[in-house]
Amino acid sequence: MSPRLFVAVALLLGIAYVFVTPPFAVPDEDNHFWRAVAVGRGRLLATRGLDSMPMPKTVEEFTWVIERTSPAETLSQKLKVAAALRHDGRMGHPIRFAAWYSPFPYVATGLVAALPLRPVIVFYGGRIANLLLAVLLIALAIRAAPEDGSIFAAAALLPMSLYELASLSADAATIVLAWLFTALLLSSRRRPPLIALAGFASGLCKPVYFLIVLLIFVTPLRWRQRFAILGATAIGTLLALAAAQRGAYNPRRGLPVDAGAQLRCIASDPIHFAHVMLHDVATNGRFYLEELIGRFGANRRKTSP
């Protein structure tokens, strides 16, 4: 598939996902929304654990309208109310949210959030900006490795991929930068400086993606080039880790997770941990399977009591 054909198909399907997927239906999207607004207002890093900063009052009201369960409303009714909210410059109470990611994967959404627009436009505009950036980077990956371009295009056009790429999630930038880094390594015309730059950028997104850099050891490169790419990726990863140390990971708003305490708990009673893990798999295994294969953009929340 040519890059141009991919861009046309991906934008056509991606825009549909932008508007078909309900607001905050993508995992942790509400948290990513707050983070994008914070980045757009110049708060790039957390201050103490969970980030906290005053938010525009209408942004707070937009989130409340979409997520409220009472009174019972349909999604279209909620969106009608939310769309009427204007940007008026009022500031609300400080909102606490996770700022575990570095600000880098929020560049596109943060730029939209920096504009004095209605919250509904900031939300959907951020989704579109994320999609545009993702499609552009995947098109570059296809162009860099045309022999494997169909593989990258097919992976990007999967329902689960489009579901993420057309959201406010920081995972969109993380995923496509990992693909671009891989494509540059697979390219017949390898350019080590570009590979190192892509490795640095992917490292800035999510530290665990650092493992992708191990592909350099099965790629025909000189050792000096391998170490340069490894070093650039390591620097990006260390910066992301430094940003993560200032924030906290919380799967639910206001509920931070202490990874060190978790490891100590597992080490103190591994049998109990194994029992809990097996029970969880038995109870939620079907949900985990759905998360792996996707729900075709239908990850809806119940809006009635």
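- Within 6.0 Å of atom CZ in R143, 12 or fewer heavy atoms from other residues, nucleotides or ligands are found, so the atom counts as exposed in its surroundings.
- Taking the side chain as every heavy atom from C-beta outward, I66 and F123 never approach each other to under 4.5 Å.
- To the nearest 0.5 Å, the span separating OG on S150 from CG on D148 amounts to 9.0 Å.
- Side-chain N or O atoms of T233 include one that pairs as donor or acceptor with a backbone N or O of I229 at under 3.5 Å.
- Contact detail for L184 and L194: the closest heavy-atom pair is CD1-O, 3.7 Å.
- The heavy-atom pair separating P23 from L79 by the smallest distance is CG-CD2, 3.8 Å.
- Counting heavy atoms from C-beta on, the side chains of F181 and I195 come closer than 4.5 Å.
- A 4.5 Å side-chain heavy-atom check between L132 and L11 finds at least one atom pair inside the cut-off.
- Taken from SG in C205 to CD1 in I175, the straight-line distance is 10.5 Å, to the nearest 0.5 Å.
- Looking only at side-chain heavy atoms (C-beta outward), P56 and V37 come within less than 4.5 Å of each other.
- Side-chain contact between L204 and L177 is absent, with no heavy atoms from C-beta onward closer than 4.5 Å.
- In the hydrophobic clustering of ILVMFWY residues, with side-chain heavy atoms under 4.5 Å counting as a link, M160 and I151 come out apart.
- Taking the six-membered ring for Trp and the full ring otherwise, the centers of Y163 and Y17 sit at least 6.0 Å from each other.
- Ring geometry for F33 against F24 counts as tilted: the plane angle lies between 30° and 60°, on a 0 to 90° scale.
- Residues L157 and F6 meet the side-chain proximity criterion, which asks for heavy atoms closer than 4.5 Å.
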Would you mind writing out the side-chain donor-acceptor pairs for residues 107-121 within the sub-3.5 Å range, not counting sequence neighbours?
unit_1	atom_1	unit_2	atom_2	d
T109	OG1	Y106	O	3.4
R118	NH1	A83	O	2.8

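- Placement of V65 and V26 in two distinct hydrophobic clusters is found when ILVMFWY residues are connected by side-chain heavy-atom separations under 4.5 Å, directly or transitively.
- With rounding to the nearest 0.5 angstrom, the CZ atom of R190 is 12.5 Å from the CD1 atom of I216.
- Taking the charged nitrogens against the carboxylate oxygens, R127 and E29 do have a contact shorter than 4.0 Å, which makes a salt bridge.
- Tested against E73, the residues R68, K78, K80 include a single salt bridge (charged side-chain N to carboxylate O under 4.0 Å, His left out) partner, R68.
- The minimum heavy-atom distance between L45 and P103, with the atom names listed, is CD2-CD, 4.0 Å.
- Residues R41 and R43 fail the side-chain proximity criterion, which asks for heavy atoms closer than 4.5 Å.
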Working for side chain to side chain contact (heavy atoms under 4.5 Å, CB included), residues W34 and E60: CA-CA 9 Å; W34 292 121; E60 185 179 347; 4.2 Å; yes
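- Put simply, the side chain of S161 gets close to the backbone of A155: a donor and an acceptor are under 3.5 Å apart.
- Taking each heavy atom of S76 and T74 in turn, the nearest pair found is OG-OG1, 3.1 Å.
- Once rounded to the nearest 0.5 Å, the distance linking CG of L186 with CH2 of W179 reads 14.0 Å.
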Mind running side chain to side chain contact (heavy atoms under 4.5 Å, CB included) on L180 and I138 for me, showing each step along the way? CA-CA 7 Å; L180 178 60; I138 297 170; over 6 Å; no
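- Note on L214 and W223: same hydrophobic cluster, where clusters join Ile, Leu, Val, Met, Phe, Trp and Tyr whose side-chain heavy atoms are under 4.5 Å apart, directly or indirectly.
- Nearest heavy atoms, L168 versus G126: CD2-C, 3.4 Å.
- If you chain together hydrophobic residues whose side chains sit under 4.5 Å apart, W64 and V122 never meet in one group.
- Counting only distance, with no hydrogens or angles, the side chain of R35 and the backbone of Y101 share a donor-acceptor pair below 3.5 Å.
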Check step by step if side chain to side chain contact (heavy atoms under 4.5 Å, CB included) holds for V176 and L165. CA-CA 9 Å; V176 297; L165 303 184; 3.8 Å; yes
Run the salt bridge (Lys or Arg N to Asp or Glu O under 4.0 Å) check on D88 and R86 step by step: do they pass? CA-CA 6 Å; D88 56 14; R86 297 177 177 272; over 6 Å; no
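- Under the 4.5 Å side-chain heavy-atom criterion for ILVMFWY residues, no single connected hydrophobic cluster contains both F104 and L197.
- Atom NE2 in H275 sits 11.0 Å away from atom CG in D269 (nearest 0.5 Å).
- For the residue pair T219 and R226, the shortest heavy atom distance occurs at O-NH2, 2.7 Å.
- Side chains of I128 and I15 form a contact here, defined as non-hydrogen atoms less than 4.5 Å apart.
- How far OG1 of T174 is from CD of E164: 9.5 Å, rounded to the nearest 0.5 Å.
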